[in-house]
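Just below is one structure, and these are the notes that go with it.
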Amino acid sequence: MTFWSKYFLCGIVISLLVGCHSRPTAQGQQYKDGHITQDLLLVNQPNAQGRPVNAKDFSEQVMLISQSAPRLYNRNSSTFDAVQNWVLAGGATSKLNLFNLRAYQMEGVDNYGNVQFTGYYTPVLQARRVKQGEFRYPLYRMPSKSRYHLPSRAAIYNGALSSSLIIGYSNSLIDNFIMEVQGSGYVDFGDGEPLTFLGYAGKNGQAYRSIGRLLVERGEIAQKDISMLAIRKWAESHSEAEVRKLLEQNPSFVFFKPEVYASVRGASSVPLIAKAAVAADKMLVPPGTTLLAEIPLLDNEGKFTGQYQMRLMIALDVGGAIKGHHFDIYHGIGDEAGIAAGFYNHYGRVWVLKEEQPAMLMVNQ
């Protein structure tokens, strides 16, 4: 995933909380913690039930940071170590202070602690190296000339780019678009070779326009139902010409670079572990930050169950539309991960964890 991996999901989000207490709770808004007047509020301990359920995944993510981004690891190693020791001791929030861990609650999008969660994933496309049969939708490398003078999506669909830039041909225009939205993906060329990872290579410099918002404005999908899954279903029920016409309303276009045997990496160049890595606003939550998150649990249809799960996660990616008190949770690879990621536009609570020596102890050293 890269900088542009996330703009789709946020682009289709129409309703954000603005501090109104009468909002429905179907998305997990809680309004329990009173009015919070700063981005990160130091609390004695998180007002949360339960303990982290993903200690193993968190430890694996920390290990990958140490292997792939030594500087990032060194800047955060004391917190990583303290968190892992806390988890080994049981992970009770009442015991954080025993490990010199301070919890800073995020004020949320409404100043009442409600932090927005969306999701992203890594798709796997079926494709062929040459145009044949149903495989006729090209995936492009980045042209060498300035990205600010590249053609629009509509012009590219009309053949404005050289065929020498084509990596391969998929069998679905909407799948190509969704991979652009995610920023990267794997391609199965059907030749028995390992999957090829298509990483983000750049974009054409044209303005981005949300097709989800357009479908809502046109009354084709209800605002409450808009999601990546709903957009895919819309595409499957309409003609190729209609799908293409809709996509051309978004002039922005993403290019890829093929890599064999590559793992999915975020903007911090660290391989991502599902549900242990998130994209965050780096101006508010710097890369490498450890988060304790109370995340809404959804059922198999994407409905909020009324229950929450505590997870430890690390900010390792960014996104053009991931701003403020909003995190994009990485869900993994493939269709199942895509469905789960597409369901998420919900709210929970988040505490930033930092290892800090008590002031008195620092004075005595």
Side-chain angles (χ1 to χ4, degrees), residues 30 32-34 36-67 69-108 113-115 117 266 268 270 272-273 275-295 308-317 324-327 329-330 348-365:
Q30 297 160 92
K32 293 179 180 178
D33 302 324
I36 303 173
T37 58
Q38 57 194 86
D39 283 324
L40 299 172
L41 177 66
L42 178 63
V43 295
N44 289 328
Q45 69 182 61
N47 177 24
Q49 301 294 321
R51 305 181 184 197
V53 300
N54 66 331
K56 181 179 178 182
D57 289 342
F58 177 79
S59 293
E60 184 177 353
Q61 188 67 84
V62 169
M63 180 187 68
L64 291 172
I65 295 172
S66 69
Q67 294 172 348
R71 289 185 180 179
L72 184 66
Y73 175 79
N74 290 337
R75 287 198 298 269
N76 297 278
S77 61
S78 62
T79 296
F80 294 154
D81 291 344
V83 169
Q84 290 182 92
N85 289 334
W86 167 65
V87 170
L88 288 173
T93 56
S94 61
K95 305 296 184 183
L96 282 167
N97 64 318
L98 298 180
F99 297 87
N100 296 327
L101 285 167
R102 302 292 178 262
Y104 295 82
Q105 184 171 2
M106 299 188 68
E107 68 177 347
N114 293 290
V115 175
F117 295 112
S268 298
V270 175
L272 304 179
I273 299 297
K275 298 183 182 179
V278 297
D281 181 349
K282 65 181 180 180
M283 300 302 293
L284 178 63
V285 181
T289 298
T290 297
L291 308 168
L292 179 64
E294 188 178 59
I295 299 173
Y308 296 84
Q309 193 175 64
M310 297 293 291
R311 285 187 171 272
L312 286 164
M313 301 189 293
I314 303 174
L316 291 172
D317 213 346
H325 295 254
H326 175 190
F327 294 99
I329 304 171
Y330 179 63
R349 294 183 291 182
V350 175
W351 296 265
V352 170
L353 299 183
K354 296 181 181 180
E355 195 273 344
E356 296 177 2
Q357 294 293 325
M360 185 63 69
L361 186 60
M362 294 293 289
V363 168
N364 293 334
Q365 288 182 342

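Computed from heavy atoms alone, side chains included, the values below leave out hydrogens, waters and symmetry copies. Positions are given from 1 along the sequence. The model shown is predicted, which means the values in this text are computed figures rather than measured ones.
- In this structure, OG in Ser78 is found 9.0 Å from CG in Leu101, a value given to the nearest 0.5 Å.
- For the pair Val53/Arg311, a side-chain contact is recorded, criterion being any heavy-atom separation below 4.5 Å from C-beta on.
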### Task
Decide yes or no on side-chain contact (heavy atoms from CB on, under 4.5 Å) for Thr290 and Val62, but give the supporting numbers first.
CA-CA 10 Å; Thr290 297; Val62 169; over 6 Å; no
#### Entry: Worked check of side-chain contact (heavy atoms from CB on, under 4.5 Å) between Leu291 and Ile314
CA-CA 6 Å; Leu291 308 168; Ile314 303 174; over 6 Å; no
### Task
Determine, step by step, whether Arg349 and Ile295 satisfy the side-chain contact (heavy atoms from CB on, under 4.5 Å) criterion, reporting the C-alpha distance in whole Å, the side-chain angles of both residues, the deciding distance to 0.1 Å, and the verdict.
CA-CA 7 Å; Arg349 294 183 291 182; Ile295 299 173; over 6 Å; no
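- Closest non-hydrogen pair, Val278 versus Phe327, comes out as CG2-CD2, 3.9 Å.
- A 4.5 Å side-chain heavy-atom check between Lys282 and Pro287 finds at least one atom pair inside the cut-off.
- The minimum heavy-atom distance between Leu292 and Pro52, with the atom names listed, is CD1-CG, 4.0 Å.
- A distance of 7.5 Å separates CG of Leu42 from CG of Asn44, quoted to the nearest 0.5 Å.
- At least one side-chain heavy atom of Asn97 sits under 4.5 Å from a side-chain heavy atom of Arg102.
- Here the closest heavy-atom approach between residue Val350 and residue Ala293 is recorded as CG2-CB, 4.1 Å.
- Residues passing the side-chain hydrogen bond (donor to acceptor under 3.5 Å, both in side chains) test with Tyr73, sequence neighbours excluded: none.
- Put simply, the side chain of Ile65 does not reach to within 4.5 Å of the side chain of Ser268, judged on heavy atoms.
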### Task
Please test Leu316 against Tyr330 for side-chain contact (heavy atoms from CB on, under 4.5 Å), starting from the C-alpha separation and ending with a verdict.
CA-CA 10 Å; Leu316 291 172; Tyr330 179 63; over 6 Å; no
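- Glu294 and Ala48 get closest at one heavy-atom pair: OE2-CB, 3.7 Å.
- Without hydrogens or angle criteria, Arg51 side chain to Gly90 main chain gives a donor-acceptor distance under 3.5 Å.
- Side-chain contact check for His325 and Asp39: at least one donor-acceptor pair (N or O, by modelled atom type) lies under 3.5 Å.
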Would you give me the side-chain donor-acceptor pairs under 3.5 Å for residues 79-86, sequence neighbours excluded?
| from | atom 1 | to | atom 2 | distance (Å) |
| --- | --- | --- | --- | --- |
| Thr79 | OG1 | Glu355 | N | 3.0 |
| Gln84 | OE1 | Ser59 | OG | 2.9 |
| Gln84 | NE2 | Phe80 | O | 3.4 |
| Asn85 | ND2 | Asp81 | O | 3.2 |
| Trp86 | NE1 | Ala92 | O | 2.8 |

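- Within the 3.5 Å criterion, the main-chain N or O of Ile273 finds a donor-acceptor partner in the side chain of Gln61.
- Here the CE atom belonging to Met313 is positioned 11.0 Å from the CG atom belonging to Leu353, to the nearest 0.5 angstrom.
- With values rounded to the nearest 0.5 angstrom, Tyr104 atom OH is found 10.0 Å from Gln38 atom CD.
- Here the side chain of Asp317 pairs no donor or acceptor atom with the backbone of Ala279 at under 3.5 angstrom.
- Listed here is the closest heavy atom pair of Pro286 and Leu284: CD-O, 3.6 Å.
- A pairwise comparison of heavy atoms in Lys275 and Ile329 identifies CA-CG2, 4.0 Å as the closest pair.
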